[in-house]
Amino acid sequence: MSAILSIENLSVRFGGLVAVNDFSMEVEEGSVHALIGPNGAGKSTIFNAISRFVRPSDGSITFDGRPVLPLAAHDLVAAGIGRTFQNTELLHRMTVLENVLVGLDRRIPGYMPFGPSRQRSRAEVQAVRDAEEILDQAGLRPYRDALAGELDFGRQKLLDLARALAGAPRLLLLDEPAAGLRNREISFVDALLVDLARRRKLTIVLVEHVMQLVMSVADRITVVNFGQKIAEGSPADVRNDARVIEAYLGSAAHA
């Protein structure tokens with residue numbers, strides 16, 4: 001496999017604060033690559049740099065051989081990059097189905113979400129069909145017509161993931177998809193991520209504190225602390241790395 005995402009010597013500064021310092025990472029196509037570390041270590045800042053929400057001070061980011069930094073944030077979906085957030089960014093007064101439909105405009109030629117009826121027809125039928133298929137993947141089909149704001153937190157996280165999938169990404173950045181979920185929901189996310197990566201060949205970069213999920217799904221793990229990479233390797237390698245145990249995992253690594 002070859003690297004689909006390459007980050008080289010990335011640094012992000014906010015005034016005198018160095019949030020990310022000379023960080024490099026390569027993500028193999030079709031893999032699940034976890035990015036872990038303590039709160040405030042710089043993980044979300046790295047995601048924000050990839051997503052063009054912050055401007056790096058130094059370094060480069062390439063996706064499928066194409067430089068990312070010249071792109072605007074709104075061009076990333078067309079480029080093949082999708083993302084979820086720690087706090088869900090849903091349209092709470094729209095239905096579950098409508099939230100997914102909003103993300104399909106670039107996926108289906110001629111489709112205009114909620115456009116005039118004369119412009120719907122065949123494209124709209126295809127959009128609804130695709131949206132329902134995505135809801136099936138995310139286990140949300142029974143909530144198709146519920147308002148997004150009425151879902152419990154766990155299902156809102158799944159809807160955030162479903163909406164990211166609507167753009168048909170080749171690279172999916174997941175920011176703490178299991179945060180606040182119950183064990184049964186975590187198991188569902190585990191199976192879903194494995195299916196997306198293994199069967200659908202989607203590349204996933206995962207920021208997560210739930211080590212049960214990380215160790216189960218990740219092919220490779222990069223550990224960051226104080227904005228710098230301190231370790232990288234297989235889940236077994238990282239679990240037994242003394243630097244990682246001291247900085248982050250602690251005794252839980254061997255529990």
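Worth knowing before you read on, the calculation uses all heavy atoms, side chains too, and leaves out hydrogens, waters and symmetry mates. For this chain, numbers begin at 1 and follow the sequence in order.
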Is a donor on one side and an acceptor on the other found under 3.5 Å between the side chain of [X] and the backbone of [Y]?
X    : Y    : result
S187 : N183 : yes
T222 : E232 : no
E208 : A178 : yes
K43  : G37  : yes
N225 : Y248 : no
S6   : E26  : no
Q156 : A148 : yes
T95  : L147 : no

Taking the side chain as every heavy atom from C-beta outward, state whether [X] and [Y] have any pair of such atoms under 4.5 Å apart.
X    : Y    : result
E28  : H33  : no
P169 : L202 : yes
L159 : Y143 : no
I50  : L5   : yes
V12  : F23  : no
M215 : R239 : yes
N240 : I245 : no
R52  : D75  : no

Going from [atom1] on [X] to [atom2] on [Y], what distance comes out if it is rounded to the nearest 0.5 angstrom?
X    : Y    : atom1 : atom2 : answer
I46  : L35  : CD1   : CG    : 5.0 Å
M211 : I36  : CE    : CD1   : 4.5 Å
E8   : D22  : CD    : CG    : 10.5 Å
D160 : R83  : CG    : CZ    : 10.0 Å
L97  : L140 : CG    : CG    : 11.0 Å
D145 : E98  : CG    : CD    : 8.5 Å

ILVMFWY cluster, [X] and [Y] together (side-chain gap under 4.5 Å):
X    : Y    : result
F153 : L91  : no
I4   : L206 : no
V27  : V223 : no
V214 : L173 : no
I204 : I7   : no

Requested in this report: Evaluate the criterion side-chain contact (heavy atoms from CB on, under 4.5 Å) for residue pair M94 and L101; output intermediate values, then yes/no.
Outcome: CA-CA 10 Å; M94 296 175 70; L101 286 173; over 6 Å; no

With a cut-off of 3.5 Å and sequence neighbours excluded, list every side-chain donor-acceptor pair involving residues 53-72.
unit_1: S57; atom_1: OG; unit_2: R13; atom_2: N; d: 3.1
unit_1: D58; atom_1: OD2; unit_2: R13; atom_2: NH1; d: 3.0
unit_1: D64; atom_1: OD2; unit_2: R170; atom_2: NH1; d: 2.6

Considering non-hydrogen atoms only, spot the tightest contact between [X] and [Y] and give its length.
X    : Y    : result
S44  : D175 : OG-OD2, 3.2 Å
A164 : T84  : CB-CG2, 4.0 Å
A247 : P38  : O-CG, 3.5 Å
N9   : S24  : N-OG, 2.8 Å
I221 : P235 : CD1-CA, 3.7 Å
V20  : L10  : CG1-O, 3.5 Å

Query raised in the report: Has F188 got more than 12 heavy atoms of other residues, nucleotides or ligands less than 6.0 Å from its CZ?
Result: yes

Requested in this report: Run through L193, V189, L196, V207 and flag the one making a side-chain contact (heavy atoms from CB on, under 4.5 Å) with L174.
Outcome: L193

Report task. Answer yes or no: is there an ion pair linking R155 with D152, defined by an N-O contact shorter than 4.0 Å? Result -> yes

Query raised in the report: In terms of side-chain geometry, is the basic nitrogen of R198 or D219 positioned less than 4.0 Å from the acidic oxygen of its partner?
Result: yes

